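Input: a single structure, listed below in structure tokens.
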Amino acid sequence: MTAKTGDIVIKKYANRRLYNTGTSTYVTLEDLAEMVKRNENFTVQDAKTGEDITHSVLTQIIFELENKDGQNMLPIPFLRQLIAYYGDQMQVVLPTFLEQSMSAFAKEQERMREQLTAAFGKTPIDMMNVSAPIKLVEEQVRRNTEMLQHAMRMFTPFPLNKTTPSEPDESTGPDKPAKDTGLDELKEQIAAMQRKLDSLGR
């Protein structure tokens, strides 16, 4: 399997060593984490089969980071909820929801960094006045939390009980095809979530 155009190819060997074909050097999971932070796109391939194993390697990086002291970012309730969604109907839409939520969160964080830079200033006296930036961080965290909670409520509970197979639409006749209400509602939920995130992210 070939990598996406512009992506650096990382080959993983049977001995678990990772080889960066772009720099012709062996790298570690920590090196790959730094590449992600620098927005360097890469694809990880099995050196023997050529299979794309990027997903599993990125998951492994998160596992390693979460096990470092003081770096836990994923709360236990979130992990429990995430595990519970595997095999559930929500698994279909959850990846899109998480991706769009993180994109909106990233936009808010960039705005916060700009405000923090302006608030801190450049002189030692300005650097000592940290009360305003701290309040700014607290407010930003509150806004981001509310944004994610609002978006999550749009999907919970999932409204599939309006029309069921055992209760056909009476308006459906010989000349009227049956409506795929489940698919229509799913599309509407995704569209509604996008509109909500766009309005909250402004």
Side-chain angles (χ1 to χ4, degrees), residues 1-117 137 140-141 143-145 147-149 151-152 155 186-187 189-191 193-194 197-198 200-201:
M1 181 181 295
T2 57
K4 296 179 181 178
T5 303
D7 282 7
I8 299 170
V9 176
I10 308 294
K11 291 186 177 295
K12 185 176 183 180
Y13 291 89
N15 59 4
R16 297 185 178 181
R17 297 195 71 183
L18 299 164
Y19 184 77
N20 186 331
T21 61
T23 59
S24 299
T25 56
Y26 285 99
V27 294
T28 64
L29 290 177
E30 187 174 350
D31 293 327
L32 296 186
E34 290 301 320
M35 291 175 65
V36 171
K37 294 176 182 179
R38 295 194 300 266
N39 292 321
E40 296 180 16
N41 293 327
F42 60 83
T43 300
V44 185
Q45 298 178 356
D46 185 289
K48 184 177 181 180
T49 65
E51 178 186 0
D52 189 333
I53 55 174
T54 307
H55 184 277
S56 63
V57 171
L58 291 177
T59 304
Q60 187 179 357
I61 291 174
I62 293 175
F63 176 81
E64 294 291 337
L65 292 174
E66 282 290 309
N67 278 280
K68 286 187 176 181
D69 293 337
Q71 288 202 171
N72 304 100
M73 285 201 305
L74 303 178
I76 290 178
F78 172 80
L79 292 173
R80 292 184 186 277
Q81 291 174 346
L82 188 62
I83 292 172
Y85 282 130
Y86 282 94
D88 187 85
Q89 288 178 327
M90 288 295 292
Q91 185 176 350
V92 179
V93 296
L94 190 60
T96 300
F97 163 72
L98 292 176
E99 184 176 356
Q100 293 181 353
S101 297
M102 286 302 294
S103 295
F105 183 85
K107 291 178 182 178
E108 290 296 313
Q109 291 303 302
E110 185 60 33
R111 185 181 306 164
M112 184 183 71
R113 290 191 185 97
E114 293 175 356
Q115 292 174 338
L116 279 173
T117 300
V137 171
Q140 193 64 53
V141 170
R143 289 181 56 199
N144 286 333
T145 300
M147 179 186 67
L148 294 177
Q149 288 174 342
M152 179 62 79
F155 281 95
L186 176 60
K187 291 179 179 179
Q189 287 293 324
I190 294 176
M193 182 192 70
Q194 182 63 62
L197 289 176
D198 288 343
L200 291 172

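Source: prediction; values computed, not measured.
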Take atom CZ of Arg16 as the centre, draw a 6.0 Å sphere, and report whether it contains more than 12 heavy atoms from other residues, nucleotides or ligands. no
Among residues at least two apart in sequence or on other chains, which ones pass side chain to side chain contact (heavy atoms under 4.5 Å, CB included) with Ala47? Lys11, Tyr13
I need the Leu74 CG to Arg80 CZ distance, nearest 0.5 Å. 13.5 Å
So CD of Glu51 and CD of Gln45: to nearest 0.5 Å the spacing works out to 10.0 Å
Non-neighbouring partners of Asn67 that pass side chain to side chain contact (heavy atoms under 4.5 Å, CB included), sequence neighbours left out: Phe63
Name all residues meeting the side chain to side chain donor-acceptor pair (under 3.5 Å) criterion together with Asp31; count only those two or more places apart in sequence or in a different chain, and write none if there are none. Thr28
Does Glu99 CD have over 12 foreign heavy atoms under 6.0 Å away? no
Checking Thr43 side chain against Val9 main chain: does a donor-acceptor pair fall under 3.5 Å? no
If I compare all heavy atoms of Leu82 with all of Leu94, which pair ends up nearest, and what's the gap? CD1-CD2, 3.9 Å
Shortest non-hydrogen contact from Ala33 to Ile61? CB-CG2, 3.9 Å
CD-CG distance between Glu66 and Leu79, expressed to the nearest 0.5 angstrom: 7.0 Å
Closest heavy-atom pair and its distance - Leu29, Leu18: CD2-CD1, 3.9 Å
Could you grab the distance from atom CE of Met35 to atom CD1 of Ile10, nearest 0.5 Å is fine? 4.5 Å
Nearest 0.5 Å please: distance from the NZ atom of Lys68 over to the CD atom of Glu30. 4.5 Å
Residues Leu58 and Phe42: closest non-hydrogen pair is CD2-CZ, 3.9 Å
